[in-house]
Chemist: 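Input: one structure, supplied below.
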Amino acid sequence: MSGIDTWIQVVGTVVALLGVVVSWVYTARQQQRDARTAERARRAAEQDRLAAAASAERAERTSALSIDTLERIAGALERLARPGGGPPSTPAPSDAGREARAASVPPAPSVSWRIASAPDGAAVLRNTGTASAFDVRLTADPTMPVVVSEPPADLAAGESLAFRAVPDAATRDRTLTVTWRATPDGPTSRWRYPFLPADGASGGDVSASRPAP
């Protein structure tokens, strides 16, 4: 065998080895791409599953909140309809008497709440009532963290508390819970309301709220 034939065999062997190496590298990269694609698909499916579960739980919590509100309203109406449940009957006063009594009995101070929010999650809880609220605390479901600008505070009428909450697809419950005391050592009262970041403002009177257990 001549030297040329030997070099030809060497070159052929090298080319064959390079072909094997290139084929192995291409196959390995393709397997890596396939693995990454499968992992992305798995993560997307998991996110879809979590989002669907969170959506179903949000609907359930919202329904429970509505039922809770309706039960309080029904209880109030039932107490009014029960004999002796309403105010004692008195002879109908004259117009002058009604005006005099209305002028002499000012409305009792009370606390009411309003939440003003922005699309980026920044929001303000404001005491829109006529009484002070003590030891005010703002909480939510663990899947919607709430960051409050300051620790539990006392809010006089008209004062507010800044906070931030950003729900996402995995948030199971968007209900905010406000607890406070009418006096520094009084029982705890509670008000709950769904947090809607882009709605601009939401709120309501707490007259139908009940003390928290």
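Nothing here was measured: the structure is a model prediction, and the numbers come from that model.
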Chemist: Does atom CZ (R29) have a neighbourhood of more than 12 heavy atoms from anything else shown, all under 6.0 Å?
Modeler: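 No, because the 6.0 Å sphere around CZ of R29 holds 12 heavy atoms or fewer from other groups.
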Chemist: D141 vs T171, test: side-chain contact (heavy atoms from CB on, under 4.5 Å). Steps then yes/no.
Modeler: CA-CA 8 Å; D141 188 83; T171 299; 5.6 Å; no
Chemist: Once you round to the nearest 0.5 Å, how far does CG of L138 lie from CD1 of I115?
Modeler: 7.0 Å
Chemist: Give the cluster check for V136 versus F134: same hydrophobic cluster or not, with ILVMFWY residues linked at side-chain heavy-atom distances below 4.5 Å.
Modeler: no
Chemist: Is the backbone N or O of G19 less than 3.5 Å from a side-chain atom of S23, with the two atoms forming a donor-acceptor pair by type?
Modeler: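 Flag not set: sc S23 to bb G19 has no pair under 3.5 Å.
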Chemist: Run the side-chain contact (heavy atoms from CB on, under 4.5 Å) test on T175 and F195 for me, step by step, so that the C-alpha distance in whole Å, both residues' side-chain angles and the decisive distance to 0.1 Å come before the verdict.
Modeler: CA-CA 6 Å; T175 303; F195 179 64; over 6 Å; no
Chemist: Nearest heavy-atom pair of G158 and R126: which atoms, and what distance?
Modeler: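 Residues G158 and R126, closest heavy atoms: O-NH1, 3.1 Å.
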Chemist: Say whether, by atom type as modelled, one donor and one acceptor occur between the side chain of T143 and the main chain of R172 under 3.5 angstrom.
Modeler: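 Side chain of T143 to backbone of R172, a donor-acceptor pair under 3.5 Å: yes, one is there.
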Chemist: Can you name the closest pair of heavy atoms from A156 and S132 and give their distance?
Modeler: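 In this case the closest contact between A156 and S132 is CA-OG, 3.6 Å.
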Chemist: Between atom CD of E159 and atom CG of D154, what is the distance when rounded to the nearest 0.5 Å?
Modeler: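 E159 CD to D154 CG: 9.0 Å, rounded to 0.5 Å.
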Chemist: With heavy-atom distances below 4.5 Å as the criterion, would you say the side chains of T139 and V146 are in contact?
Modeler: no
Chemist: Can D185 and T183 be counted as having a side-chain donor-acceptor contact under 3.5 angstrom?
Modeler: no
Chemist: Do the side chains of D173 and M144 get nearer than 4.5 Å, heavy atoms only?
Modeler: no
Chemist: Check whether the ring centres of W24 and Y26 lie less than 6.0 Å apart, and answer yes or no.
Modeler: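 They do not qualify: ring centres at least 6.0 Å apart.
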Chemist: For R174 and D168, work out which heavy atoms get closest and say how close.
Modeler: NH2-O, 4.2 Å
Chemist: Is it true that the side chains of T179 and T188 contain a donor and an acceptor less than 3.5 Å apart?
Modeler: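 T188 and T179 do not have a side-chain donor-acceptor pair below 3.5 Å.
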Chemist: Within the 4.5 Å heavy-atom criterion, are S149 and F163 side-chain neighbours or not?
Modeler: no
Chemist: Any idea which heavy atoms bring A165 and P167 closest together, and the distance?
Modeler: O-CD, 3.6 Å
Chemist: Are a donor atom and an acceptor atom from the side chains of T37 and D34 found within less than 3.5 Å of each other?
Modeler: no
Chemist: According to a hydrophobic-cluster definition based on side-chain heavy atoms being under 4.5 Å apart (Ile, Leu, Val, Met, Phe, Trp, Tyr only), do W113 and V124 belong together?
Modeler: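 No: no chain of side-chain contacts under 4.5 Å links W113 to V124.
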Chemist: Between D135 and R181, which heavy-atom pair has the shortest distance, and what is it?
Modeler: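 In terms of heavy atoms, the two residues are closest at OD2-NE, 3.5 Å.
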Chemist: Run the salt bridge (charged side-chain N to carboxylate O under 4.0 Å, His left out) check on R42 and E39 step by step: do they pass?
Modeler: CA-CA 5 Å; R42 186 192 67 79; E39 179 63 17; 2.7 Å; yes
Chemist: Minimum heavy-atom separation for G129 and A157, please, with both atom names.
Modeler: O-CB, 3.2 Å
Chemist: L176 and W191: side-chain contact (heavy atoms from CB on, under 4.5 Å), yes or no, with the steps?
Modeler: CA-CA 8 Å; L176 290 173; W191 179 72; over 6 Å; no
Chemist: Below 4.5 Å, heavy atoms only, C-beta onward: do N127 and R114 meet side chain to side chain?
Modeler: no
Chemist: Taking the side chain as every heavy atom from C-beta outward, state whether S160 and L125 have any pair of such atoms under 4.5 Å apart.
Modeler: no
